[in-house]
Amino acid sequence: MGPDELIAALVNVVSDPGAAEDRAAAATALAERGDLARAQLLLAPLVNFTAHEEDAPLPCLCKACLPRAGTAATLEGVSFHRSFVVSGRRVLHFWMIDELAEQRREVRRAVGESLRRRIKKAGRA
């Protein structure tokens, strides 16, 4: 997403807070530019679909823990950075291994597809 498209998406979000696709696209573009703080501001109104993990080896990314989780973590010498996917009015935060940074878009697409399938399946149950 270029700068003009990002501005247009942000304007759409301001004029229509329910513009989920524009909100997700703008947040993704900001995160890809390294501006996770502003991306998080755009994601804040969405339902955080990330479950609380009390004993997880990496910081929990649920709604309550997210503000103090940080944007990077290391586990046994392996580095991770926080990422997210959006599906409608839901956001799922997850840790992505830095070794996959080159494939970030593919990983996010796969996680997003999995999230959408799970939401759809849960809706049928």
Side-chain angles (χ1 to χ4, degrees):
M1 175 179 285
D4 291 341
E5 294 164 312
L6 175 57
I7 291 169
L10 291 170
V11 167
N12 287 342
V13 171
V14 169
S15 64
D16 178 9
E21 287 182 28
D22 285 326
R23 182 178 298 278
T28 300
L30 288 167
E32 287 177 356
R33 288 171 166 77
D35 195 347
L36 195 56
R38 284 196 175 93
Q40 285 305 127
L41 290 173
L42 283 171
L43 298 173
L46 302 180
V47 175
N48 185 337
F49 208 61
T50 311
H52 178 70
E53 296 186 54
E54 192 71 37
D55 297 325
L58 292 170
C60 178
L61 299 175
C62 76
K63 182 178 182 177
C65 298
L66 188 66
R68 60 184 177 276
T71 59
T74 303
L75 176 65
E76 297 179 11
V78 179
S79 298
F80 296 82
H81 273 81
R82 203 168 75 200
S83 193
F84 64 88
V85 293
V86 175
S87 180
R89 303 283 304 152
R90 296 177 179 95
V91 59
L92 177 73
H93 297 274
F94 63 97
W95 290 106
M96 189 166 77
I97 191 168
D98 284 356
E99 291 176 6
L100 295 177
E102 296 286 323
Q103 293 88 30
R104 181 174 303 278
R105 287 185 184 178
E106 291 84 6
V107 171
R108 291 180 72 200
R109 184 175 57 246
V111 172
E113 288 172 8
S114 178
L115 174 62
R116 285 184 281 283
R117 282 193 303 272
R118 290 180 72 186
I119 291 169
K120 188 175 181 179
K121 185 178 178 181
R124 283 190 244 138

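These figures come from a predicted structure and were not determined experimentally.
For the pair Ile119 and Phe49, the minimum side-chain heavy-atom distance is below 4.5 Å. Counting heavy atoms from C-beta outward, Thr28 and Met1 have side chains that stay 4.5 Å or more apart. The shortest distance between side-chain heavy atoms of Ile97 and Val107 does not fall below 4.5 Å. In this structure, the side chains of Ser87 and Lys120 stay at 4.5 Å or more apart for every pair of heavy atoms. With a 4.5 Å cut-off on side-chain heavy atoms, Leu6 and Arg33 count as touching. Side-chain atoms of Val111 and Phe84, non-hydrogen and from C-beta on, never get closer than 4.5 Å to each other. Arg23 is listed as a side-chain neighbour of Pro45, based on a closest heavy-atom distance under 4.5 Å. Looking at Met96 and Phe80, their side chains never come closer than 4.5 Å, going by heavy atoms from C-beta outward.
Leu41 and Val86 are members of different hydrophobic clusters when ILVMFWY side chains are connected at heavy-atom separations under 4.5 Å. Hydrophobic clustering, with ILVMFWY side chains joined whenever heavy atoms are under 4.5 angstrom apart, keeps Leu46 apart from Leu30. The hydrophobic cluster containing Phe94 also contains Leu75, counting ILVMFWY residues as joined when their side-chain heavy atoms lie under 4.5 angstrom apart, directly or transitively. The cluster map of Ile, Leu, Val, Met, Phe, Trp and Tyr, joined by side-chain heavy atoms under 4.5 Å apart, puts Leu43 and Leu36 in the same cluster.
For the atom pair CZ (Arg82) and CH2 (Trp95), the distance works out to 6.0 Å, reported to the nearest 0.5 Å. Note: Thr74 OG1 to Glu76 CD = 11.5 Å, rounded to the nearest 0.5 Å. One distance of note links SG of Cys60 with CD of Glu53; it measures 6.0 Å at 0.5 Å rounding. Atom OG1 in Thr50 sits 12.0 Å away from atom NZ in Lys63 (nearest 0.5 Å). Between atom SG of residue Cys65 and atom CD of residue Glu54 there is a gap of 7.5 Å, rounded to the nearest 0.5 Å.
Sparse packing is recorded around CZ of Arg118, with 12 or fewer heavy atoms of other residues, nucleotides or ligands lying under 6.0 Å away. Within 6.0 Å of CD in Glu106 there are more than 12 heavy atoms belonging to other residues, nucleotides or ligands. Applying the 6.0 Å contact sphere to CD of Glu32 captures more than 12 heavy atoms from other residues, nucleotides or ligands.
In terms of modelled atom types and a separation under 3.5 Å, the side chain of Ser114 and the main chain of Ala110 share no donor-acceptor contact. Asn48 places a side-chain N or O within donor-acceptor distance of the main-chain N or O of Leu61, the cut-off being under 3.5 Å. Proximity of a side-chain donor or acceptor of Arg89 to a complementary backbone N or O of Ala20 within less than 3.5 Å is not detected.
Across all non-hydrogen atoms, the minimal contact from Ala73 to Leu58 is CB-CD2, 3.8 Å. Minimum heavy-atom separation, Leu42 to Ala26: CD1-CB, 3.7 Å.
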